[in-house]
Number of protein chains: 2
Amino acid sequence: MPVPQRRQAPTQADVARVAGVSQGAVSAVIGGRAGQQRITAETARRVLDAVQELGYVANASARSLKGKRNRLLGVHTFESVFPISRMDFYHEFLIGIEEEAVAEGYDLVLFTSTEETNGQRQVYRGGSNRLNIADGSVLLGIASDNSDLARLAAEGYPFVHVGRRDVPGADIAWVGADYGTTTAELVGHLAALGHRNIGYVGDAERYEASGDRESGYRAGCGAAGVTPSVLFTRPEGLTTEWFDGVIGSGVTALMMENEDAAMRVAGFAHSRGLAIPQDLSIVVLIKTFSGPTPDRPWSTLGIPRNDMGRSAVRLLIEMIDAPDSPPDRHILLSCTAPENSTIAAAPTSR
Amino acid sequence: MPVPQRRQAPTQADVARVAGVSQGAVSAVIGGRAGQQRITAETARRVLDAVQELGYVANASARSLKGKRNRLLGVHTFESVFPISRMDFYHEFLIGIEEEAVAEGYDLVLFTSTEETNGQRQVYRGGSNRLNIADGSVLLGIASDNSDLARLAAEGYPFVHVGRRDVPGADIAWVGADYGTTTAELVGHLAALGHRNIGYVGDAERYEASGDRESGYRAGCGAAGVTPSVLFTRPEGLTTEWFDGVIGSGVTALMMENEDAAMRVAGFAHSRGLAIPQDLSIVVLIKTFSGPTPDRPWSTLGIPRNDMGRSAVRLLIEMIDAPDSPPDRHILLSCTAPENSTIAAAPTSR
DNA sequence: CCCTCCTGCTATTTCGTAATAGCACCGCGT
DNA sequence: ACGCGGTGCTATTACGAAATAGCAGGAGGG
């Protein structure tokens, strides 16, 4: 099969020349818009023959130039997209985003050019906004400055944030995980297992999502008739004295926002001869542990990452297609309840 | 503060209107071609102010239609980019590609719009070629068909294939792993461990890379004074009878292209009471096993995936920057030699 | 005082495709 | 014979950016 040795791809004009018709006729035949424009079967055949002969394919740039869209969706992460350490965290989102982009026939632009020397990425760099090259963007990651988002929103650029994000004065579209509900249910589950004294250890840094988890915890405690007990700290802030105090106060279950903190607590428990989960149940609310995978996986809330990625893309495309009648721009997806690996019935006595 | 509600991205014409100049002047200022076109500092300032005010960014489609650069590099895979099953295989390439793109200040376009309903992706799809939107592309994976590549090359589109790829009549740029040399060295290593009878089990499907491995094996045999013995088959083709025959003929080491086949052989060895590697050394030349990670990792050639990704991007950018004086368009990177996990000295007797 | 040269911009064309306006031609009715 | 409507095309324009041609206006020289 001889490959046409053209230096440049054939255009509709080339096809038209071969078929002996005008460029417009070629466009009509290829576009299949027989409704608006009348083409005889004979002409269509000649055009299609010429297409075949020259190996014509449409120039996507010209096509999208006419359509005023690029059919490009941006993916902006505030950290690198494929860093090994963060792989578990972002990878599944990206899979969902890609799957939905495939289904919708969009290409994805990974904004990698926006990285500063410190590894941080920001939307506005040198005053210009590269995101505009895409019809809209999905934003991922936590380390962002709210002002970038506010500005993007103010400019009317279509974007969806993965993870709940409340920016005062701006109505940001987002797809989040419903940590609150699942956390509340989890408290109920622990109460049903006999736990009457359930502690909550939160991160010192508060985000929208961490607030959700905390209020879910409080709601769950209210429903189960358990007194809430909340501590905010960094993992380093957790000391042996604190742990002894917690155990002494009769706590039999801990809900922890931070996996590193949970690892510390596991160490304390071990040194005090307490078994997890027989003596102390532990739930990790979000997996952030940067070290190796522990032998026994934590009981942890399942984040519907794939679904969140897919939903974000779907919502984004809706926003692009119908900028004036926006659909519900805030989507909360249910988390899956944790396995019972580090959850057990409350100890009868200690 | 009035919010510039931009329903549609501003164009150079919009900028020109605000700055009180013509569209051509805006283009000249932005393009920085002060050499050919004279613009006063005052006019340039007004234009740049308007750019800032409107948040203007050039339309990628229009630029590429005109044959200009977008600082976009395409990534085309012939399968989905993030499928779980293939994750190990592609992920590391993508990391390298991303790292280098970050370093060079390019953004990446993942061509996901080219997927057929059967999951296969092709360059020329739906009668159009999307790749044009990027300045050049990195192609990954096993292409079903060489004709796409030949055609792209004939059209003068800059692209680099990851993995060696020889297409008759087209000079395709590629970055490959030097399987041949490492395989040859490996035969020498086995010979030094006392193996005089080293079998080679190849895949029935032959690619450029598999040919490299086989010829490396033959070269290594020649250098070590060992008689080569090659079998091409699918894993299902390996039977107990075949295995018994191989062992009976005195083979003490097997080099296998396919990890699934190696798993089969391990099963046979187990049923015959032969220990790996004490009684039989096995080297897997390329990890393709689709099942769970085995307990003991195979001795296997290390593919420099990250480096291949980075090198492909570097080569691609060179090709884009200097299309007429191409650098060496074929790069072979060394594989790392295997660990001795399933390699041992030849048994003294059996 | 007029002609030339230079400066700094504007006007126009180009890229490939798609949509719209418009134009020849045919057949039919009167 | 003349008009009228329908058919099947062609001609033109627009999309956004960039390159090129060209044009006003001022400076300078003769």
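A note on names: the letters A, B, ... follow the listed sequences, proteins ahead of strands, and every chain is numbered from 1.
One atom, CD1 of B/Ile133, and another, P of C/dT17, lie 14 Å apart when rounded to the nearest Å. Atom pair B/Lys68:NZ and C/dG16:C1' shows a separation of 17 Å (rounding to whole Å applied). Rounded to whole Å, atom P of D/dG26 lies 17 Å from atom CZ of B/Arg38. Straight-line distance from the CZ atom of B/Arg63 to the P atom of C/dT14: 21 Å, rounded to whole Å. Taking atom CD of B/Gln23 as the reference point, atom P of D/dA18 lies 8 Å away to the nearest angstrom. Following rounding to the nearest Å, B/Asp14 (CG) and D/dC15 (C1') show an atom-to-atom distance of 13 Å.
A/Arg310 and A/Ala103 make their closest contact through NH2-CB, 4.5 Å (heavy atoms, listed as atom of the first residue, atom of the second, distance). The heavy-atom pair separating A/Val18 from A/Glu53 by the smallest distance is CG1-OE1, 3.8 Å.
Comparing B/Val21 and B/Ala62 along DNA chain C, the residue whose closest nucleotide (by nearest heavy atom) sits nearer the 5' end is B/Val21.
Side-chain to base pairing of A/Gln12 with C/dA18: no donor and acceptor N or O lie closer than 3.5 Å to each other. At a cut-off of 3.5 angstrom, the base of D/dA19 holds no donor-acceptor pair with the side chain of B/Lys66.
Within 4.0 Å of A/Thr40, counting heavy atoms only, lie sugar-phosphate atoms of the nucleic acid but no base atom. Across all strands shown, B/Thr43 has heavy atoms under 4.0 Å from sugar-phosphate atoms exclusively, and none from any base.
Annotation: cation-pi pair A/Arg305/A/Phe93 present, NZ/CZ under 6.0 Å from the ring centroid and within 45° of its normal.
Between A/Phe159 and A/His161, the distance separating the two ring centers is not shorter than 6.0 angstrom.
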